[in-house]
Amino acid sequence: MAQKSVAVLDIRSSEVTVFVGERSVNDTFVFKASRTEPYGGYENGAFYKESDGKISDAILRAISAVEQVCGERLRTLYVGVPGDFTKVIAKEQDLGFPKKRKIIEKDRATLIEAGKEQIKDYRFMRASSMIYVTNDKQRVVDPVGISTAGLTGCISYFYVSEYFCRTIEEVVKDLKINLKYLPTQLAMASYLIPSEMRDECALFLDAGNLSSTLSIVFGNGIMAQESFSAGKIHVAFLVMERLQVSYDVAVALLHRVNLFAKQEENQGYAQLLYRGDSYEYSPALLAETVEEGLDRICERAEAFLEEFDERELDYKPLYVSGEGLFAIRGAIEHISKRLNRILEPVAPNLPYYNKPAMSSRVALCDMASEDNRKSGFLYRIFNGFGG
């Protein structure tokens with residue numbers, strides 16, 4: 001594997017993707033190999049155990065395909081950890097000095113290290129700063145080089161569940177691959193949301209097929225985060241039940257629904273031709289059912305945000321990405337109306353990858369590339385091995 005290339009495993013709630021890529025000029029990316037495989041999925045912090053949809057089989061198929069294209073074995077694999085398997089703890093950490101002096105990288109590392117905890121059933125993954133405040137009340141994103149007698153850091157600590165680690169490690173145990181875990185939601189929020197918006201606090205919804213995650217983003221960290229079982233597949237199941245059709249037909253109907261349509265335009269019945277068969281359905285009932293399914297996402301989002309007494313959040317737009325909503329015409333607008341909040345779809349600003357469904361892949365490649373760069377020998381010499 002070329003030194004600048006990284007291999008990444010992106011685990012979504014209904015498919016996994018293994019790819020090899022590297023950061024190119026102008027912050028673009030070159031993907032040398034990629035393979036996506038469907039699997040049973042996960043909900044509520046656990047993978048489904050279907051015999052024909054095991055995550056182990058999907059990952060091994062994807063790794064094998066990528067290795068064949070690259071012509072070599074993967075040695076290190078960066079694994080994106082979904083919100084369902086991530087615990088985020090935000091806290092303030094203080095560091096004081098006998099007298100005023102310049103902050104160095106080792107000081108920042110010491111401050112962050114002091115906040116790490118041992119949490120039952122979880123492993124520490126990484127820490128990221130939201131904001132730093134000097135003892136004279138100066139707010140800074142990067143304190144290194146600033147003179148102060150004391151420093152307070154608002155830090156986000158990310159932990160990955162032992163269950164998740166054991167599951168992935170069991171899959172690759174015979175492949176001798178070194179695993180490095182990355183928090184998927186932090187990678188997506190950091191890559192997709194402009195820094196000036198994150199510095200003032202931002203809301204981010206990663207809408208998946210089976211599971212979605214809502215995050216309150218601040219600076220380069222996350223203040224709070226919650227995952228919940230709501231997504232496109234749940235909407236499809238509701239359509240399947242109400243319109244009495246198969247799951248595949250229900251998914252096809254999701255691509256036909258138009259939540260923009262006026263009430264009189266949805267009167268009567270319509271026909272869907274699917275794999276040679278004709279299905280009659282009520283556009284009005286379909287739209288009503290889809291809206292009810294989307295409302296479940298809204299209800300979970302509302303309940304989460306009500307826990308925070310910050311008035312400023314009421315006026316924040318909700319950035320949204322992921323594969324779970326954008327195939328449903330009018331879904332974004334319906335959720336915006338229901339939450340009484342502006343929704344701003346975000347996706348990578350890259351040719352061929354400028355789709356919300358690609359957001360996690362590109363964001364994880366960005367974070368993995370940066371981690372890979374910082375682990376290089378020359379970087380550690382110039383920035384200190386303990387930094």
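Because the structure is a prediction, the values reported are computed rather than measured. Along the sequence shown, residues are numbered consecutively beginning with 1.
A side-chain donor from one of S321 and S359 sits under 3.5 Å from a side-chain acceptor of the other. Looking only at atom types and distance, the side chain of R75 has no donor-acceptor partner in the side chain of N178 under 3.5 Å away. Between the side chains of Q271 and S278, at least one donor N or O lies within less than 3.5 Å of an accepting N or O. Counting only N and O atoms by type, the side chains of D10 and T17 include no donor and acceptor under 3.5 Å apart. If you check the side chains of T148 and N135, you find a donor sitting under 3.5 Å from an acceptor. A donor atom on one side chain and an acceptor atom on the other are not found under 3.5 Å apart for N209 and S13.
Under the 4.5 Å side-chain contact rule for hydrophobic residues, I168 and V6 share a cluster. Residues L111 and F218 do not share a hydrophobic cluster, clusters being chains of Ile/Leu/Val/Met/Phe/Trp/Tyr side chains in contact below 4.5 Å. Note on I104 and V144: separate hydrophobic clusters, where clusters join Ile, Leu, Val, Met, Phe, Trp and Tyr whose side-chain heavy atoms are under 4.5 Å apart, directly or indirectly. The hydrophobic clustering, which links ILVMFWY residues whose side-chain heavy atoms are closer than 4.5 Å, places I155 and V133 apart. If you chain together hydrophobic residues whose side chains sit under 4.5 Å apart, Y274 and L285 fall into the same group.
In this structure, C70 and V20 approach most closely via the heavy-atom pair SG-CG2, 3.9 Å. Between L74 and E67, the shortest heavy-atom contact is N-OE2, 3.0 Å. Closest approach of A287 and L259 over heavy atoms only: O-CD2, 3.8 Å. Closest non-hydrogen pair, A327 versus K232, comes out as CB-NZ, 4.0 Å. Across all their heavy atoms, Y157 and K116 have their closest contact at CE2-N, 3.7 Å. Closest approach of C201 and L313 over heavy atoms only: SG-CD2, 3.9 Å.
The pair D199-R139 does not count as a salt bridge, with every side-chain nitrogen at least 4.0 angstrom from each carboxylate oxygen. The residues E299 and R296 are annotated as not salt-bridged, no charged nitrogen and carboxylate oxygen being separated by less than 4.0 angstrom. In this structure, K102 does not pair ionically with D107, as no charged nitrogen and carboxylate oxygen lie closer than 4.0 Å.
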message = Before you tell me yes or no, could you show the steps for R123 and E169 under salt bridge (charged side-chain N to carboxylate O under 4.0 Å, His left out), namely the whole-Å CA-CA distance, both residues' side-chain angles and the distance that decides it to 0.1 Å?
response = CA-CA 13 Å; R123 295 183 197 174; E169 288 161 8; 2.7 Å; yes

query = Passes side-chain contact (heavy atoms from CB on, under 4.5 Å), L272 versus Y281? Steps please.
reply = CA-CA 8 Å; L272 169 70; Y281 68 96; 4.0 Å; yes

ask   = Yes or no on salt bridge (charged side-chain N to carboxylate O under 4.0 Å, His left out) for R12 and E15, after CA distance, side-chain angles and deciding distance?
value = CA-CA 5 Å; R12 303 298 292 174; E15 64 184 23; over 6 Å; no

query = When you look at I11 and V79, which way does the side-chain contact (heavy atoms from CB on, under 4.5 Å) test go after all the steps?
reply = CA-CA 8 Å; I11 300 175; V79 182; 4.2 Å; yes

key: Candidate pair I222 and F158, rule side-chain contact (heavy atoms from CB on, under 4.5 Å), full reasoning   = CA-CA 9 Å; I222 290 178; F158 296 86; 4.1 Å; yes

message = Is there a ring-ring contact (aromatic ring centres under 6.0 Å, His included) between F124 and Y159? Walk through the geometry before answering.
response = CA-CA 4 Å; F124 175 75; Y159 300 84; 5.6 Å; yes

query = Step by step, would you call S5 with K32 a side-chain contact (heavy atoms from CB on, under 4.5 Å)?
reply = CA-CA 9 Å; S5 297; K32 300 180 177 180; 2.8 Å; yes

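In this structure, the side chains of E226 and R300 come closer than 4.5 Å at one or more pairs of heavy atoms. Using a 4.5 Å heavy-atom cutoff, the side chains of E280 and Y269 are in contact. Here the side chains of R341 and L203 are in contact, with some heavy-atom distance below 4.5 Å. At least one side-chain heavy atom of L214 sits under 4.5 Å from a side-chain heavy atom of L318. Looking at heavy atoms from C-beta onward, H234 lies out of side-chain contact with I297 at the 4.5 angstrom threshold. Annotation: side chain of P348 is not in contact with side chain of N354 (no heavy-atom distance under 4.5 Å). Side-chain contact check for M130 versus N220: every heavy-atom pair is 4.5 Å or farther apart. Contact of the Y78 side chain with the D371 side chain is registered, since non-hydrogen atoms from C-beta on lie closer than 4.5 Å.
To the nearest 0.5 angstrom, L205 atom CG is 8.5 Å from S215 atom OG. The OG atom of S128 sits 8.0 Å away from the CD1 atom of I112 when rounded to the nearest 0.5 Å. Taking CZ of R361 as the start and NZ of K355 as the end, the distance is 10.5 Å to the nearest 0.5 Å. D206 contributes atom CG, which lies 7.0 Å from atom OG of S360 (distance to the nearest 0.5 angstrom).
For the pair R23 (side chain) and D366 (backbone), a donor-acceptor distance under 3.5 Å is present. Panel note: side chain S212, backbone A230; a donor-acceptor pair is recorded below 3.5 Å. The main-chain N or O of S227 is never found under 3.5 Å from a side-chain atom of T213 such that the two would form a donor-acceptor pair. With hydrogens and angles disregarded, no donor-acceptor distance shorter than 3.5 Å links the side chain of S64 to the backbone of L60. Between the side chain of T167 and the backbone N or O of Y163 there is at least one donor-acceptor pair closer than 3.5 Å. The closest donor-acceptor contact from the side chain of S24 to the backbone of T28 lies at 3.5 Å or more, if one exists at all. At distances below 3.5 Å, not a single donor-acceptor pair connects side-chain atoms of R35 with backbone N or O atoms of R61.
Among pairs with a residue in residues 242-251, those fulfilling side-chain hydrogen bond (donor to acceptor under 3.5 Å, both in side chains) read R242-E292, at least two apart in sequence or across chains.
In I146, the CD1 atom is crowded: over 12 heavy atoms of neighbouring residues, nucleotides or ligands sit closer than 6.0 Å. Other residues, nucleotides and ligands contribute only 12 or fewer heavy atoms inside 6.0 Å of the CD atom of Q118. Other residues, nucleotides and ligands place no more than 12 heavy atoms under 6.0 Å from the CD atom of E200.
Exactly one of L254, L253, N258 qualifies for a side chain to side chain contact (heavy atoms under 4.5 Å, CB included) with V290. That residue is L254. Of the residues listed (F19, Y191, F31), the one engaging Y353 in a ring pair (Phe, Tyr, Trp, His ring centres under 6.0 Å) is F31, and it is the only one.
Ring-plane geometry between F164 and Y181 is classed as perpendicular, the angle between the planes exceeding 60 degrees on a 0 to 90 degree scale with a lower cut at 30. The aromatic rings of Y39 and F47 lie tilted to each other, with the angle between the two planes from 30° to 60°. F85 and Y42 have perpendicular rings, their planes meeting at more than 60° on a 0 to 90° scale where under 30° would count as parallel.
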Below 3.5 Å, can you tabulate the donor-acceptor pairs from side chains in residues 87-100 to any protein atom, sequence neighbours excluded?
{"unit_1": "K91", "atom_1": "NZ", "unit_2": "G115", "atom_2": "O", "d": "3.0"}
{"unit_1": "K91", "atom_1": "NZ", "unit_2": "E117", "atom_2": "OE2", "d": "2.7"}
{"unit_1": "D94", "atom_1": "OD1", "unit_2": "T152", "atom_2": "OG1", "d": "2.6"}

